[in-house]
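Structure first, then comments.
First listed ligand is number 1; within each ligand, the first listed atom is number 1.
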Amino acid sequence: MTAELRVDLDAFAENLRAVRRAVAPAEHMLVVKDDAYGHGLGTIVQRAWAEGVRWFGAFDVRTGSAVRTRLGVAPRVFVWIVASAAEAQEAVDADLDVGVGDAVLLEDLAAVDGVARVHLKIDTGLHRNGVRPEEWPVVVARAAELERAGRIEVVGVWSHIAEASHEEDDAARAVFETAWDQARAAGLRPRLRHLAASAAGFARDEFRYDLVRIGAFAYGIRPAGGPGESELGIHPISALVTRVVRVSTDTVTVGTGSLDGLPSSLAGHLEAGTSAGASLVRAIRLEESDLDAWPGAAIGDEVRMLGAGAPFSATDAAETVGTIGEEIAVRIAPTVARVVR
Ligand SMILES: *Cc1c(COP(=O)(O)O)cnc(C)c1O
């Protein structure tokens with residue numbers, strides 16, 4: 001177990017600038033779920049704040065509270081998974097913005113001590129969470145009533161889309177537009193609309209609205225089967241680096257394996273970066289992997305398994321086994337040290 005994940009915060013800052021250019025004049029909400037896509041929440045949000053990011057998308061209340069603790073009162077922190085009335089109270093106590101996709105959570109938030117800032121979520125077709133279009137008029141009417149009573153403040157309307165095909169996304173956007181009109185007709189005056197994540201945020205003007213919730217591209221993770229990093233103007237910000245532990249005639253063994261988060265199905269596909277160039281990773285065991293030998297290999301040499309400076313990015317690896325780059329990134333085990341530079 002000699003692996004470490006080297007995180008290059010300057011490369012991250014460059015990606016943030018590329019994101020800002022792509023989505024302006026909309027604002028970038030940096031999505032930091034899953035420990036900032038495996039890069040380490042604390043250092044990522046600290047640097048993002050220093051680079052001018054003012055919105056953080058934190059998924060759950062625990063992560064949102066961690067961002068609040070780290071950065072203090074100034075940033076806006078958005079969460080959209082609130083599991084109970086107790087968590088609703090915690091979210092308001094931590095001054096989080098809350099995404100609300102069902103009528104029960106709306107009532108929980110109305111009942112807390114303090115006034116919740118609410119972003120109402122319309123289900124535009126993903127059926128994950130979100131108020132169904134047929135229930136939306138009733139929910140916005142109730143939200144308007146609770147707002148007039150001073151129990152909540154409705155500041156946004158939002159949704160999440162598949163970003164898999166233009167046609168599906170266009171249909172989702174039509175539902176979103178109708179929901180916005182209905183919210184206003186109910187007397188609500190939210191200021192913020194947000195719909196797009198990385199792919200639509202970069203590619204499609206009319207999906208940006210006021211805020212674009214971007215995770216993947218900020219971490220330099222390009223979409224599987226989509227445009228390349230140079231076209232997007234982004235770079236991988238981390239590298240999984242390990243060391244040689246044994247050398248034989250035709251095999252070099254390194255001290256990292258599937259327990260560190262490398263899917264064993266990458267064996268036979270993945271090429272790692274060595275002092276002599278790319279070398280095929282033939283086998284991935286729990287704690288070690290075997291590579292084709294290269295001239296001059298010695299115990300202790302560094303080998304780049306994935307990411308910045310390696311032959312395969314997270315998405316390159318993902319494409320060989322039929323998944324997405326995010327999944328490879330978030331699998332890097334918590335026991336692998338995050339080394340920031
Ligand atoms: C993960 C997530 C995002 C970010 O998506 P990327 O493709 O990584 O930019 C945005 N919104 C929601 C609701 C998410 O869950």
Side-chain angles (χ1 to χ4, degrees), residues 12 15-16 18-23 26-39 41 44-45 48 53 55-64 67 76-83 96-102 105 118-131 156-165 168-169 172-173 176 179 192-204 207-227 229 232-238 313-315 318 323-331:
F12 173 57
N15 289 343
L16 291 177
V19 169
R20 185 171 307 153
R21 277 194 301 275
V23 305
E27 211 177 323
H28 174 205
M29 178 192 290
L30 176 67
V31 177
V32 296
K33 64 189 177 199
D34 293 319
D35 198 29
Y37 291 46
H39 294 90
L41 182 74
I44 286 292
V45 300
V53 173
W55 276 93
F56 294 86
F59 192 74
D60 57 358
V61 175
R62 196 174 54 88
T63 307
V67 177
R76 295 288 284 272
V77 182
F78 178 62
V79 298
W80 58 94
I81 300 294
V82 178
L96 310 180
D97 282 60
V98 183
V100 175
D102 67 84
L105 178 56
V118 167
H119 301 227
L120 293 172
K121 183 179 187 190
I122 175 79
D123 176 7
T124 51
L126 275 188
H127 306 309
R128 255 192 232 163
N129 70 13
V131 178
V157 170
W158 73 293
S159 190
H160 192 47
I161 57 175
E163 301 189 335
S165 82
E168 255 181 274
D169 289 350
R173 199 172 78 85
F176 186 67
L192 300 165
R193 286 164 299 173
H194 46 113
L195 183 58
S198 288
F202 266 55
R204 306 198 67 197
F207 282 70
R208 288 182 202 130
Y209 295 100
D210 304 299
L211 278 171
V212 184
R213 303 181 310 271
I214 290 184
F217 289 8
Y219 305 106
I221 301 171
R222 69 170 172 86
E229 284 111 3
L232 297 167
I234 58 172
H235 319 273
I237 67 163
S238 61
S313 69
T315 303
T323 180
I324 56 174
E326 291 88 322
E327 190 178 333
I328 302 288
V330 304
R331 276 180 66 134

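In this structure, the side chains of His194 and Tyr209 stay at 4.5 Å or more apart for every pair of heavy atoms.
In this structure a side-chain-to-backbone donor-acceptor pair under 3.5 Å is present from Asp123 to Gly125.
Every residue two or more places apart in sequence or in another chain that forms a side-chain contact (heavy atoms from CB on, under 4.5 Å) with Thr124 is listed here: Ile122, Ser159, Ile161, Ala172, Val175, Phe176. In this structure Asp210 satisfies the salt bridge (charged side-chain N to carboxylate O under 4.0 Å, His left out) test together with Arg193, sequence neighbours excluded. The ring-ring contact (aromatic ring centres under 6.0 Å, His included) check on His28 picks up nothing, with sequence neighbours excluded.
The minimum heavy-atom distance linking Leu192 with Arg76 is given by the pair CD1-NH2, 4.4 Å.
Within 4.0 Å of ligand 1, the residues that place a heavy atom are Val31, Lys33, Tyr37, Trp80, Trp158, His160, Ala197, Ser198, Arg213, Ile214, Gly215, Ala216, listed by chain and number.
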